[in-house]
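Some notes on the structure that comes next.
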Amino acid sequence: MQWNVSLNEVVGNTIGTIAFHQGDGELIGLKLSGEGSEHFEIINTQEIRLKQKLTQTTTFNLLLTATNSFGQSSANLTINVTAQGKPIQIELGKLTGATVKIYRLDENANAQLVATTTSDEQGYFDPHTEALEAQSLYIYEISGGQTSDSDSDNDGIKDSFKTPNQGVIRLIATKEGIEHSTHALHASMLSEALYLYAVAYLKGDGITIKRHLNRIANTLLDSDLNGDGKIDTEDILIFNPRIHSDKLSPSLAKAYNDLSIMVLLDDSRRFKRLFDTKVIQSFEANASGCSPTTLCAFETQPTKIKYRNAIVYAFKKNRLFIYDTLKQKTLGAIDLNSSEYGLYLDWERGYIFASSLNHDSVAVDITTLEDPKIAPITFPTQGLIIGKIASSMLIYQDPELIVVDSGNMASIKETARYTLPPFHRIIHNDAYSLNIANNTLSIEQYTLKDLNQIAQTHRYTIENVDNNAQFAMDEARNIYIVTPHQSLSIYQIVNEQPSQVSTLELNATEIVNITDTQLYTYGNRTIYQVDIANPHAPRLLSGFNFEQTTSDLYFDEQILYTPRYMIDTNALMLSSPYLTIDAARAFNQEYDIDLETIRDNSIFAPF
């Protein structure tokens with residue numbers, strides 16, 4: 001028998017399986033003997049595993065002896081230890097015991113598995129170039145294992161515990177690229193970024209694919225790493241985050257460690273959000289040659305805005321504009337008869353309602369965005385539309401909440417009317433009203449499940465709250481209180497009682513917006529972005545300096561509007577103290593509208 005084993009084989013791996021005929025009698029044991037036999041052990045009478053680390057290429061000529069109740073039988077076993085190509089080190093906290101699958105891609109981007117290996121205690125694995133074809137493209141897919149050096153984010157500081165790898169990273173390479181490199185090779189979050197960008201270009205002839213790969217590499221890296229005077233995929237292959245982190249493009253550099261940890265923990269939701277916005281948007285801007293100083297600027301801002309699926313519905317001075325942020329142009333516009341409307345978007349039925357405290361609502365048919373039309377629909381009541389439950393619209397005109405049946409758009413009628421305080425949040429089938437007086441925050445909860453019988457169901461109080469504090473509530477009923485220039489306090493309603501779970505020092509005076517994972521507060525002409533994914537451990541991500549006041553800032557579905565920019569807040573540079581426009585997704589505005597105050601205490605607040 002003759003087996004081959006890589007010099008970088010991981011201790012504990014099975015290197016071969018014994019095939020033998022037991023014959024008569026009971027098997028007593030199997031034994032390996034000869035020089036070098038101490039490197040191996042026999043497990044389960046079938047598998048031979050590596051017991052000690054191999055340190056040099058050599059050949060072991062061993063004797064395998066089987067013993068049963070009738071005697072012994074022996075066979076020669078030759079084990080060749082070969083280098084089998086330059087080893088590659090995994091830089092995701094140096095994964096030990098990770099599974100590495102090697103796939104060959106054909107011209108149609110179909111993947112064929114050609115080899116499987118594992119990484120050693122230092123994160124090295126054998127690339128098995130002996131199994132690769134010249135000029136072909138290969139994907140190394142790495143999964144499993146755990147951090148062997150307890151440094152999961154590659155920052156040079158030891159973690160207090162080892163981290164199991166729950167995610168996947170990939171490396172694109174050729175046989176020539178691995179064998180001809182004169183540098184140490186690494187699989188990293190950068191090689192995964194190259195794969196994620198390149199996956200759409202992996203079909204076709206090799207020359208075209210290589211051109212795409214080099215273009216992407218040139219965008220991801222700011223510097224040549226191997227000294228050949230150009231930035232290409234060879235630089236991706238030798239990138240070591242502990243040495244070359246300052247060579248990354250700015251947006252990827254700021255996100256690199258966070259992205260690596262998210263891969264390790266398989267936090268796919270947060271990874272996609274961070275990668276798609278912080279990294280991809282900057283990549284697209286750089287790849288298309290946009291200048292950071294001119295990208296996305298627009299001069300004016302509408303008063304009322306709704307945003308859905310990259311379409312902005314902007315209302316100003318009796319005119320509703322429909323703007324496509326991807327095509328960067330106005331699709332359609334229509335004149336209305338008042339400047340006092342608020343906007344309510346009924347996306348499912350294809351209408352946008354302009355509702356007012358002083359005029360009946362106007363329904364605009366937006367099924368054809370290029371040709372919006374006034375629909376023959378009029379609500380019999382005045383007020384601002386704040387939501388819809390089942391087929392009923394909720395309209396608020398302080399101090400009344402009016403319920404109208406809009407199931408039949410041709411015949412809308414009022415069904416109920418209640419005297420209620422202004423609401424600050426509707427969560428599922430409950431409405432919440434928040435108010436501070438006498439250093440106490442009062443929270444009233446009303447059930448909207450039965451719109452024919454709305455009644456207060458709970459009242460919560462939080463004492464010792466500064467009368468100047470600002471407050472908000474999210475979809476999980478977490479309550480956020482900002483005490484001006486002091487702190488952010490977070491409460492949860494547990495067992496029907498508000499309980500404080502955390503605080504964070506924060507120099508802010510107002511809560512501007514809240515999403516499922518982030519809170520935006522404002523103070524000293526700075527908007528602060530706070531990670532609230534875990535209410536028990538909020539953390540300040542960054543502060544963005546603006547020359548505007550809060551009345552100049554408007555949020556809608558995580559889109560931040562300022563007098564000059566419309567920005568997807570996911571795309572903000574989370575670790576930067578400044579707003580980095582080249583990494584933000586914002587679009588030129590084609591219509592001239594002045595910024596006006598959008599806050600009105602009498603209307604349904606955004607939080």
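Residues Ser361 and Ile385 approach most closely at OG-CD1, 3.9 Å, considering heavy atoms. Here the closest heavy-atom approach between residue Thr503 and residue Ser489 is recorded as CG2-OG, 3.8 Å. What you find for Ile436 and Ala469 is that their closest heavy atoms are CD1-O, 3.7 Å. Closest non-hydrogen pair, Gln166 versus Asp266, comes out as O-CB, 3.3 Å. For Val530 against Pro538, the heavy-atom pair with the smallest separation is CG1-CB, 4.1 Å. Between Leu92 and Ser260 the shortest heavy-atom distance is CD1-O, 3.6 Å.
Considering CE of Met189 and CE of Met262, their distance stands at 10.5 Å, rounded to 0.5 Å. Between atom CZ of residue Phe239 and atom OG of residue Ser223 there is a gap of 11.0 Å, rounded to the nearest 0.5 Å. Of the inter-residue distances, the one linking Leu434 atom CG with Glu444 atom CD reads 9.5 Å to the nearest 0.5 angstrom. A distance of 5.0 Å separates CG of Leu95 from CG of Asn165, quoted to the nearest 0.5 Å. Distance check: Leu345 CG to Tyr351 OH gives 13.0 Å after rounding to the nearest 0.5 Å. The CD1 atom of Ile462 sits 7.5 Å away from the CD1 atom of Ile493 when rounded to the nearest 0.5 Å.
Side-chain contact between Met393 and Phe353 is present, with heavy atoms from C-beta onward closer than 4.5 Å. Asp346 is not listed as a side-chain neighbour of Ile352, based on a closest heavy-atom distance of 4.5 Å or more. Looking only at side-chain heavy atoms (C-beta outward), Lys388 and Ser406 come within less than 4.5 Å of each other. At least one side-chain heavy atom of Tyr256 sits under 4.5 Å from a side-chain heavy atom of Ser188. A heavy-atom distance below 4.5 Å is found between the side chains of Leu540 and Tyr528. Side-chain contact between Leu248 and Leu220: absent, with no pair of heavy atoms (C-beta onward) separated by less than 4.5 Å. A heavy-atom distance below 4.5 Å is not found between the side chains of Arg417 and Val403. In this structure the side chain of Leu504 never reaches within 4.5 angstrom of the side chain of Ile490, judged on heavy atoms.
With Tyr396 contributing its side chain and Leu420 its backbone, the two residues share a donor-acceptor pair below 3.5 Å. Here the side chain of Ser191 pairs a donor or acceptor atom with the backbone of Arg170 at under 3.5 angstrom. Using modelled atom types, one side-chain atom of Ser502 and one backbone atom of Pro535 make a donor-acceptor pair closer than 3.5 Å. Here the side chain of Tyr195 pairs no donor or acceptor atom with the backbone of Leu190 at under 3.5 angstrom. Side-chain N or O atoms of Asp235 include one that pairs as donor or acceptor with a backbone N or O of Leu225 at under 3.5 Å. Within the 3.5 Å criterion, the main-chain N or O of Val168 finds no donor-acceptor partner in the side chain of Ser143. Ser119 places a side-chain N or O within donor-acceptor distance of the main-chain N or O of Ala98, the cut-off being under 3.5 Å.
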Ile395 and Leu401: side chain to side chain contact (heavy atoms under 4.5 Å, CB included), yes or no, with the steps? CA-CA 6 Å; Ile395 301 176; Leu401 177 69; over 6 Å; no
Set out, in order, the CA-CA distance, both residues' side-chain angles and the distance that settles salt bridge (charged side-chain N to carboxylate O under 4.0 Å, His left out) for Asp222 and Lys247, then state yes or no. CA-CA 5 Å; Asp222 265 5; Lys247 310 299 184 184; over 6 Å; no
Step by step, work out the side chain to side chain contact (heavy atoms under 4.5 Å, CB included) result for Arg242 and Glu91. CA-CA 9 Å; Arg242 290 170 289 115; Glu91 293 291 352; 2.8 Å; yes
After noting the C-alpha distance and the side-chain angles of Tyr491 and Val501, does the key distance pass the side chain to side chain contact (heavy atoms under 4.5 Å, CB included) rule? CA-CA 6 Å; Tyr491 292 76; Val501 296; over 6 Å; no
Determine whether Ile443 and Leu441 satisfy the following criterion, side chain to side chain contact (heavy atoms under 4.5 Å, CB included), listing intermediate values before the conclusion. CA-CA 7 Å; Ile443 307 165; Leu441 175 63; 4.2 Å; yes
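Judged as a side-chain contact (heavy atoms from CB on, under 4.5 Å), and not counting sequence neighbours, Pro164 has no contacts.
Each of Asn464, Asn467, Val465 was evaluated against Asn439; a single residue qualifies, Asn467, per the side-chain contact (heavy atoms from CB on, under 4.5 Å) test.
Counted by atom type alone, Gln497 and Tyr460 present zero donor-acceptor pairs between their side chains at under 3.5 Å. Counting only N and O atoms by type, the side chains of Tyr480 and Asp474 include a donor and acceptor under 3.5 Å apart. For the 3.5 Å distance criterion, the side chains of Glu510 and Tyr522 fail to qualify, holding no donor opposite an acceptor. Counted by atom type alone, Gln529 and Gln518 present one or more donor-acceptor pairs between their side chains at under 3.5 Å.
Within 6.0 Å of CG in Asn438 there are 12 or fewer heavy atoms belonging to other residues, nucleotides or ligands.
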